[in-house]
Amino acid sequence: MAKDFPSRAENYAQWYNDLVIKADLAENSAVRGCMVIKPYGYAIWEKMQAALDDMFKKTGHVNAYFPLFIPKSFFSREASHVEGFAKECAVVTHYRLKNDPEGKGIVVDEEAKLEEELIIRPTSETIIWDTYRNWIQSYRDLPLLINQWANVVRWEMRTRLFLRTAEFLWQEGHTAHATKEEAIEETERMLDVYSDFAENWMALPVLKGFKSPNERFAGALETYCIEALMQDGKALQAGTSHFLGQNFAKAFDVKFLNQSNQLEYVWATSWGVSTRLIGGLIMAHSDDNGLVLPPKLAPLQVVIVPIYKLPEQLAAITEKAVQIKNALEEKGISVKYDDRDTFKPGWKFNEYEFKGVPVRLAIGPRDLENGTVEVARRDTLEKAVFQITDIENKVINLLDKIQKNLFQKAYAFRENNTHQVDSWEEFCDVIENKAGFISAHWDGTPETEQKIKEETKATIRVIPLDAKTEHGKCVYSGKPSTKRVIFARAY
RNA sequence: CGGGGUGUGGCGCAGUUGGCUAGCGCGCUACGUUCGGGACGUAGAGGUCGCGAGUUCGAGUCUCGCCACCCCGACCA
C-alpha cells in the first residue's frame with residue numbers, strides 16, 4: 001500500500017495529507033471542504049469521545065442535544081458573537097425543491113422561502129442560552145452543567161483534513177452558574193480536564209493559559225486554552241474553555257432569584273474540543289514510517305502475525321496465538337490475530353507499522369520450539385524476543401512504556417523548541433529559521449500583537465497560567481512588561 | 001476572491017510536430033511455486049482520455065468556453 005510518501009523533512013504538509021489518506025483515517029468528500037472520516041479514523045474519535053465523556057460525567061456534567069439550525073435573529077443578540085462568526089456561516093433559506101419547469105432537473109422552489117432564515121450552527125451558545133431562559137428561575141436550578149456531542153459548520157476558505165474542515169465533530173459544554181467565581185472555577189476545571197486528557201491519553205504535552213484579547217472567543221470575557229507544539233514547529237490550539245461572564249445571560253435574558261430574593265443574571269462558561277485533536281495526534285507522534293498512535297487511543301493495540309510455511313505449522317501457531325489473544329483480551333487489550341494467508345508476513349509488518357499499531361507480536365516455528373514470541377514496538381521500532389510465559393503482563397507493561405515514551409519524546413521536543421527571546425532581531429531569526437514556541441515579553445497591547453502578526457505571521461498562542469512575574473521589555477515595542485507570553489506560527 | 005498547477009482503467013503516471021488497435025507501474029481475478037521485513041511466474045478483467053462546442057479526412061494531442069480538484073496568499077478551531 002503506502003510505500004511511497006514523502007518524509008517530514010521533504011514536505012511536512014504533504015507528509016501529513018498522505019498519511020491521513022493512506023492510513024485510511026479520512027478522505028476528501030464530494031462536498032468541498034468536508035471530509036469523510038473512515039472507520040479507522042472514526043475509531044480514534046470514538047476512543048477520544050469515550051475518555052472525555054467519562055471525564056465530563058465525573059465532573060458532574062450530563063449530555064443533551066440542541067438543534068443544528070439556529071434562527072438568524074438569535075445570532076444578532078450578542079454583538080461580538082455575531083461579528084466573530086458572521087463571515088463563516090452557512091444559511092438555510094428555503095425548505096423545498098421542485099422539478100424545474102424547463103425540465104432541467106431539480107431546482108429550489110422560490111415559493112418555499114423561509115420567513116426567518118436559519119443558520120447552521122457554528123457553535124451553539126445562542127440556541128442554548130435561549131433555551132436555558134426557560135430552565136432557570138431559581139438559584140436552586142444552578143449550576144446547570146450540560147455537554148453536547150455534535151457537528152458544527154464553519155465555512156472555511158481553505159481546509160485541511162481534521163485540522164480545518166467546513167464541517168467538524170466536537171463537543172461543546174455550556175454551563176450556567178450563580179456566581180462569577182463559580183463560573184471561573186468551572187472554566188478552569190474544564191481546562192484541567194482537557195490538559196489531563198491531552199497529556200495522559202494523547203501523550204501530548206500542552207501549555208495551559210489565556211488567549212490574548214485578539215484571539216479570544218467571540219463573546220467571551222476570558223478564553224483559556226491548551227496549546228501544543230507540532231513536529232514542524234507550528235502551534236496547535238488543542239482545546240478552549242471560555243468564561244462568558246453574563247454576556248449571553250443578558251443577551252437572552254436568563255435571570256434567577258438568588259437566596260436574598262433578588263433577580264440576577266446567570267454566569268456562563270463554554271468549552272470544546274473537536275476532531276482537530278486527531279490532526280494534532282497525528283502530527284505530534286507520527287514518523288516517516290507512518291502513523292504512531294499512543295496505546296490508550298489506538299483502535300488496535302496489539303496485532304499478532306503468524307510466520308509459517310506449512311499448514312501444520314499455521315495450525316500449531318494459531319493455537320498459541322489464540323491463547324495469547326484471549327489472555328490479552330481478558331486484560332482489556334484490543335488484539336487482532338491476522339492469519340490471512342493472502343499476505344506475507346513482511347507485508348503485514350509494514351501495513352501495521354504504517355497504521356501505527358503500538359505492539360506487534362510475531363510467532364513462527366522457531367518461537368514455538370523455544371516458547372518465545374517476537375515483540376516489536378512501533379514507537380522505537382525495536383524488536384525483542386520474549387518468553388511467552390506471562391506474556392499478557394509483559395505486553396501491558398510495554399504498552400504503558402510506549403504511552404509514557406511518546407509523551408516524553410513530545411515533551412523533550414517541545415523543550416528543545418521553546419526559545420527564550422529578548423530582542424526583535426532574535427525573534428525574527430527564530431521564527432524564520434527555527435520555528436517552535438517563542439517565550440518573550442509583550443507590552444500587553446493588541447496593536448503590538450497585530451504588528452508582530454503582520455511582520456512575522458506569529459501570534460500569541462498562550463499567556464501561560466504559570467508565567468512568573470519578571471520585569472522586562474516588550475520584544476517589539478520596548479515598553480515595560482511583567483511576564484513572558486508564548487508566540488508561534490499556528491495551524 | 002487573487003496567483004500558480006493538474007484533470008487519461010481503482011491508484012500513480014507516459015502519450016513526440018494531430019495519425020491507425022490509447023500504453024506503463026501498482027492494485028485487482030484465476031492457477032501454481034513461495035512465506036522470520038513489502039515474493040515470483042503464467043493467464044486474465046478493467047478506459048465514452050473532466051464536460052461542451054469548434055478546426056480537421058482524422059483530436060487524448062490544436063482553439064474557445066465551462067467544471068472540478070490541488071498548492072500558495074487574505075479569514076479561522
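From a predicted model like this one, the values you see are computed outputs, not experimental measurements.
- Atom CG in A/Asp367 sits roughly 17 Å away from atom P in B/C35 (whole-Å rounding).
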Task: Pair A/Ile438-A/Ile431, side-chain contact (heavy atoms from CB on, under 4.5 Å): steps then yes or no - done: CA-CA 8 Å; A/Ile438 292 181; A/Ile431 279 294; 3.6 Å; yes

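- Separating the CG atom of A/Asp341 from the P atom of B/U33 is a distance of 12 Å, rounded to the nearest angstrom.
- Annotation: B/A22 and B/A45 have their P atoms spaced 15 Å apart (nearest Å).
- Here the side chain of A/Glu353 is nearest to one of B/G37, B/C75, B/A77, namely B/G37.
- Between A/Glu374 and A/Arg160, the residue anchored nearer the 5' end of RNA chain B, judged by the nucleotide with its closest heavy atom, is A/Glu374.
- Under a 4.0 Å N-O distance rule, the pair A/Arg366/A/Glu369 does not qualify as a salt bridge.
- Nearest nucleotide to the side chain of A/Lys457, out of B/G73, B/G38, B/G36: B/G73.
- Applying the 4.0 Å criterion to OP1 and OP2 of B/C35, one finds that A/Lys309 has a side-chain N or O inside that range.
- In terms of phosphate contacts, A/Lys344 brings a side-chain nitrogen or oxygen within less than 4.0 Å of OP1 or OP2 of B/G36.
- Between A/Lys348 atom NZ and B/C35 atom C1' the separation is 10 Å, expressed in whole Å.
- For the P atoms, the distance linking B/A59 with B/G19 amounts to 11 Å, nearest Å.
- Spacing of P atoms, B/U8 relative to B/A14, comes out at 11 Å, to the nearest Å.
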Task: Dot-bracket summary - RNA chain B, pairs being Watson-Crick or G-U whose distances fall under 3.5 Å, with | when paired to another strand - done: (((((((..((((.....[...)))).((((((.....)))))).....(((((..]....))))))))))))....

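- You'll find a donor-acceptor pair under 3.5 Å spanning the side chain of A/Lys383 and the base of B/G37, going by distance alone.
- Here A/Phe343 lies out of heavy-atom contact (under 4.0 Å) with every strand.
- For B/A39 and B/C35, the C1' atoms lie 8 Å apart once the distance is rounded to whole Å.
- Between B/G36 and B/C49, the distance separating the two P atoms is 44 Å to the nearest Å.
- The nucleotide whose nearest atom lies closest to any side-chain atom of A/Asn17 is, among B/G36, B/C71, B/A77, B/C71.
- Taking the side chain of A/Asn350 as heavy atoms from C-beta on, and the options B/G38, B/C75, B/G36, the nearest nucleotide is B/G38.
- Note on A/Asn28: only backbone sugar-phosphate atoms sit closer than 4.0 angstrom, heavy atoms only; bases stay farther off.
- Rounded to whole angstrom, the span from the CG atom of A/Leu163 across to the P atom of B/A77 amounts to 13 Å.
- Atom-to-atom, CD of A/Glu382 to P of B/G37 comes out at 18 Å; the value is rounded to the nearest Å.
- When rounded to the nearest whole Å, the span between CD of A/Glu167 and P of B/A77 equals 18 Å.
- Under the 30°/60° scheme for interplanar angles, the aromatic rings of A/Phe243 and A/Trp267 are found to lie parallel.
- Ring-plane geometry between A/Phe217 and A/His242 is classed as parallel, the angle between the planes falling under 30 degrees on a 0 to 90 degree scale with a further cut at 60.
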TODO: For A/Phe85 and A/Phe75, run side-chain contact (heavy atoms from CB on, under 4.5 Å): C-alpha distance rounded to whole Å, both residues' side-chain angles, the deciding distance at 0.1 Å, then the answer.
DONE: CA-CA 9 Å; A/Phe85 286 105; A/Phe75 241 79; 3.9 Å; yes

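- If A/Tyr308 and A/Gly33 are placed on RNA chain B by their nearest nucleotide, the residue sitting closer to the 5' end is A/Tyr308.
- Taking atom CD1 of A/Ile307 as the reference point, atom C1' of B/A39 lies 15 Å away to the nearest angstrom.
- Geometrically, A/Arg8 does not engage A/Tyr12 in a cation-pi contact defined by less than 6.0 Å to the ring centre and at most 45° from the axis.
- Ion pairing between A/Arg340 and A/Asp338 holds under the 4.0 Å rule for side-chain N and carboxylate O.
- The residue A/Ser29 sits apart from the nucleic acid: no heavy atom pair falls under 4.0 Å.
- Under the 6.0 Å distance and 45° angle rule, A/Arg360 counts as a cation-pi partner of A/Phe349.
- Backbone-only engagement by A/Gln237 is indicated by non-hydrogen atom pairs under 4.0 Å involving sugar-phosphate atoms exclusively.
- The same atom, C1', is picked in B/G46 and in B/G37; the two are 32 Å apart, to the nearest Å.
- Salt-bridge annotation for A/Lys453 and A/Glu449: absent, with no side-chain N of the basic residue lying under 4.0 Å from a carboxylate O of the acidic one.
- Computed from coordinates, the A/Asp24 CG to B/G10 C1' distance equals 14 Å when rounded to whole Å.
- A salt bridge does not link A/Asp379 with A/Lys401: every distance from a Lys NZ or Arg NE/NH1/NH2 to an Asp or Glu carboxylate oxygen is 4.0 Å or more.
- As rounded to the nearest Å, B/G60 and B/G9 have P atoms that lie 14 Å from one another.
- Nucleotides B/A53 and B/U16 place their C1' atoms 27 Å apart, quoted to the nearest Å.
- Comparing B/A74, B/G36, B/G38 by their closest approach to the side chain of A/Trp347 singles out B/G38.
- Out of B/G36, B/G37, B/C75, the shortest distance to the side chain of A/Phe349 is found at B/G37.
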